[in-house]
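Given the structure is predicted, the values throughout are model-derived calculations rather than measurements. Note that the numbering runs from 1 along the sequence shown for the chain. Read the numbers this way: they start at 1 and go in the same order the structure lists the ligands and their atoms. All heavy atoms count here, side chains included; hydrogens, waters and symmetry mates do not.
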Amino acid sequence: MKVSERIQRMKESSTLAVAARAAALKKEGADVVAFGTGEPDFDTPSNIKEAAERALQAGQTKYVSTPGTVEARAAVAAKLHGENGIACKPEHVAITAGAKHALYLTLQTLIDVGDDMVLPTPAWVSYRPLIELAGGRCIEVAGTMEQGFKVTPAQLAAAMTPRTVAVILNSPSNPCGIAYTEAEIRELCEVIAAHPRAVLISDEIYEKLVYPEVDPGLRHFSPGSIPAMAERTITLNGLSKAFAMTGWRIGYVCAPGGNGTFMQELIKLQGQMTNNIPAFFMPAIVEAFSSRSAPQVEAMRVAFARRAAVVAELVRAIPRFRSVRPNGAFYSFPSIAACKGLTSPGGRRIEDAQTFAEALLLEAHVAVVPGGDFGACAADHIRITFATDEATLRKGMARIAEFTAALR
Ligand SMILES: Cc1ncc(COP(=O)(O)O)c(C=O)c1O
């Protein structure tokens, strides 16, 4: 059967590919430690589940308004206003099938063929394929490990041209596990503000996972709260990571600018595509943003902060790895450059992170994601997800240490 050229050109998500390979090995009976998928190991807080159950039993099973119910959009707007300082009204919000869908809708609504999108890298694997699917050109700006995985204002200024329609910022970051400080975000926004045509897409899916335990005083900062950026920032977020709700597929996008036109056009696309997400999730969204969920979200954050410290220590103890200490999200992103040119105990030559990850999975049964799809500057890195319990974390890290030490 015919497949369109644009889909043939698109790469498969490498994180999902790693998960599939690890699952296949597991099925064959191997004891695989999965550090691949970016998914909290906690269960969804019970108050949120109960709100969905009640709505389902009460018969909230019909279509609702495409971007979500009035109540759910109001809850998202109140959260963005109260917690993030973003001047957001319910009509600026669309509730989507995960933040990934929010990103897809945003890029399709924003990009014309040939438009430039500036992407600080290493960056999440889905940005480039979805930018290119929309017809955009992805301009990577390398935030290398030597600069703490952060791009500088000078680098951003050099990458922006009159063709730039947007910059994507993802703080805290997948795959780097780092969060920009408020001051750093303000400096980057000054650069963007000097380009009247450009908007900022701020992907804040990991906002609840910031670790002042690592960097005292660090807190999440939303660029959409800066007055000069208020009308120029599209904020993406969702419930997947903060509330351990990956399987529910609930995301949202907030775009206050353009007299609401941008959001109306985005909702037009959503209406032709998916309509609303499940109607009985709407009260669960309201419940998630209630004060009843806050202690559970904080308990998960504290657990992740502890794991971040454990992983940082175990990665540092591997002489052939170099890394930056994670202070956000749940990823460590070490460089395996010192392993290149060596051969594994099973006779596999390590050429890059891809061959390292393959050998590690097949010989030591640990699944990690090779860095290549996170950007050109990430080809020698692997992503280790620490969204798993401490015992599994220690077991997997011990295997990685042993495998790496045995390379000759
Ligand atoms: C940076 C980033 N943005 C967005 C998403 C999408 O999240 P979801 O579609 O589950 O809401 C992910 C998921 O891994 C992510 O890492």
Side-chain angles (χ1 to χ4, degrees), residues 12-20 34-42 44 48 68 72 76 79 93-107 117 119-131 138 143 149-150 166-180 200-210 220 222-223 234-254 270 273-274 277-278 281 284-285 288-289 297 304 326 328-333 367-369 371 373-375 378 383-388:
E12 181 190 16
S13 161
S14 54
T15 48
L16 297 183
V18 167
F35 289 160
T37 324
E39 169 160 77
D41 55 323
F42 299 104
T44 302
I48 301 176
V76 172
K79 177 257 183 262
V93 170
I95 295 168
T96 57
K100 204 177 245 183
H101 183 212
L103 175 69
Y104 175 87
L105 294 170
T106 299
L107 297 177
M117 296 283 302
L119 182 65
T121 55
W124 180 43
V125 291
S126 291
Y127 294 131
R128 176 184 274 276
L130 293 184
I131 288 168
C138 186
F149 292 129
K150 295 174 180 177
V167 176
I168 297 186
L169 188 67
N170 171 222
S171 175
S173 151
N174 172 9
C176 306
I178 60 95
Y180 283 81
L200 173 61
I201 299 175
S202 178
D203 180 344
E204 304 185 17
I205 191 86
Y206 295 101
E207 70 161 332
K208 294 293 179 192
L209 301 177
V210 172
H220 177 71
S222 295
I234 299 169
T235 304
L236 308 180
N237 206 330
L239 276 52
S240 290
K241 317 286 178 173
F243 299 94
M245 290 174 70
T246 43
W248 294 61
R249 313 307 302 130
I250 302 176
Y252 54 89
V253 44
C254 163
Q270 187 179 10
M273 195 185 173
T274 50
I277 66 162
F281 286 178
I285 294 167
F289 293 128
V297 171
F304 283 124
F330 36 56
Y331 305 107
S332 170
F333 200 56
V368 298
V369 183
D373 288 350
F374 296 102
R383 191 189 74 177
I384 298 169
T385 304
F386 55 83
T388 188

Using every non-hydrogen atom in the two residues, find where [X] and [Y] come nearest and quote the distance to one decimal.
| X | Y | answer |
| --- | --- | --- |
| Leu107 | Tyr127 | CD1-O, 4.5 Å |
| Arg383 | Val368 | O-CB, 3.4 Å |
| Thr96 | Ala102 | OG1-CB, 3.4 Å |
| Pro172 | Val210 | CG-CG2, 3.6 Å |

Just to confirm my output: which protein heavy-atom neighbour is closest to [atom], and how far is it?
| atom | result |
| --- | --- |
| atom 7 (O) of ligand 1 | Ala99 CB, 3.8 Å |
| atom 13 (C) of ligand 1 | Lys241 NZ, 3.1 Å |
| atom 3 (N) of ligand 1 | Asp203 OD2, 2.6 Å |

Heavy-atom contacts with [X] under 4.0 Å: which atoms of ligand 1 show up? List them by number with element.
| X | result |
| --- | --- |
| Gly98 | 9 (O), 11 (O) |
| Arg249 | 8 (P), 9 (O), 10 (O) |
| Tyr206 | 1 (C), 14 (O), 15 (C), 16 (O) |
| Tyr127 | 1 (C) |
| Ser240 | 8 (P), 10 (O), 11 (O) |

- For Tyr331, is at least one N or O under 3.5 Å away from an N or O on ligand 1?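 N/O-N/O distance under 3.5 Å: no.
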* Taking distance alone, with no angle check, do Asn170 and ligand 1 share an N/O pair under 3.5 Å? ->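 N/O-N/O distance under 3.5 Å: no.
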*Are Phe374 and Cys176 side-chain neighbours, meaning at least one heavy-atom pair lies under 4.5 Å?*
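Sidechains of Cys176 and Phe374: no contact.
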Spacing of [atom1] belonging to [X] relative to [atom2] belonging to [Y], to within rounding of 0.5 Å:
| X | Y | atom1 | atom2 | value |
| --- | --- | --- | --- | --- |
| Ile250 | Ser240 | CD1 | OG | 8.0 Å |
| Arg249 | Phe281 | CZ | CZ | 10.5 Å |
| Ile48 | Trp248 | CD1 | CH2 | 7.0 Å |
| Lys150 | Leu169 | NZ | CG | 11.0 Å |

From the options Trp124, Tyr252, Trp248, select the one whose nearest heavy atom is closest to atom 4 (C) of ligand 1.
->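 The residue whose heavy atom sits nearest atom 4 (C) of ligand 1 is Trp124.
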For ligand 1, is there an atom lying under 4.0 Å from some heavy atom of His101?
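Checking ligand 1 against His101, which is what was asked, there is no heavy-atom contact under 4.0 Å.
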May I ask whether Ile205 has any heavy atom positioned less than 4.0 angstrom from an atom of ligand 1?
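Distance cut 4.0 Å: Ile205 passes for ligand 1.
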